[in-house]
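This report refers to the structure that appears directly beneath it.
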Amino acid sequence: MKKVIIAMFIAFAAFSMTANAAESSISSAQVFKQSKKAKAEIKEVTFLVHLHCGNCVKKIQENIAFEKGVKDLKVSLEDQTVMVKYDSSKTSEEVLKNAIVKLGVPVKGKK
């Protein structure tokens with residue numbers, strides 16, 4: 001009889017722990033969904049730059065595209081511009097400008 005009572009107690013304890021874990025995971029999922037609801041603000045900036053050649057364009061495309069928060073990138077040798085769409089919660093115009101300058105491409109201003 002004692003064994004049956006002990007087994008029932010262990011089963012009840014295990015069930016309670018599983019239920020608490022399930023509630024915790026639901027809470028975590030709800031919190032995650034709420035944090036995802038706050039949409040990131042996508043901004044766009046066009047820098048006026050001094051590009052010498054196709055290699056300058058390629059260098060910017062290969063490096064700036066992987067900067068944190070960059071969503072889209074267009075580099076024009078003809079217009080001497082770099083257009084960047086970015087998530088303002090992850091980066092800023094100043095960070096992007098500094099990244100371009102760090103590659104050896106002078107930034108003359110914004111369009």
### Task
Using the side chain to side chain contact (heavy atoms under 4.5 Å, CB included) rule, take Phe47 and Lys97 through it: C-alpha gap first, then chi angles, then the decisive distance, then the call.
CA-CA 8 Å; Phe47 295 107; Lys97 177 185 172 187; 3.8 Å; yes
### Message
Taking atom NZ as the centre, does Lys102 end up with more than 12 heavy-atom neighbours from other residues, nucleotides or ligands that are less than 6.0 angstrom away?
### Response
no
Nearest-0.5 Å distance that lies between atom [atom1] in [X] and atom [atom2] in [Y]:
X: Met83; Y: Thr46; atom1: CE; atom2: OG1; result: 6.5 Å
X: Glu62; Y: Asn55; atom1: CD; atom2: CG; result: 9.5 Å
X: Tyr86; Y: Lys43; atom1: OH; atom2: NZ; result: 5.0 Å
X: His50; Y: Ile100; atom1: NE2; atom2: CD1; result: 14.5 Å
X: Lys111; Y: Thr81; atom1: NZ; atom2: OG1; result: 5.5 Å
X: Gln61; Y: Cys56; atom1: CD; atom2: SG; result: 11.5 Å

### Task
Flag the pair Leu96 / Glu67 as yes when at least one side-chain heavy-atom distance between them is below 4.5 Å, and no otherwise.
yes
### Task
Mind listing the closest non-hydrogen atom pair of Ala99 and Ile64 along with its distance?
CB-CD1, 3.6 Å
Same apolar cluster: [X] and [Y], side chain cutoff 4.5 Å:
X: Val101; Y: Leu73; answer: yes
X: Val105; Y: Leu48; answer: no
X: Leu103; Y: Val84; answer: yes

### Worked verdict on Ile42 versus Lys71 for side chain to side chain contact (heavy atoms under 4.5 Å, CB included)
CA-CA 8 Å; Ile42 304 299; Lys71 301 296 182 189; 3.9 Å; yes
Can you check whether [Y]'s main-chain N or O pairs, donor with acceptor, with [X]'s side chain at less than 3.5 Å?
X: Gln80; Y: Leu51; value: yes
X: Ser88; Y: Glu41; value: yes
X: Lys68; Y: Thr91; value: no

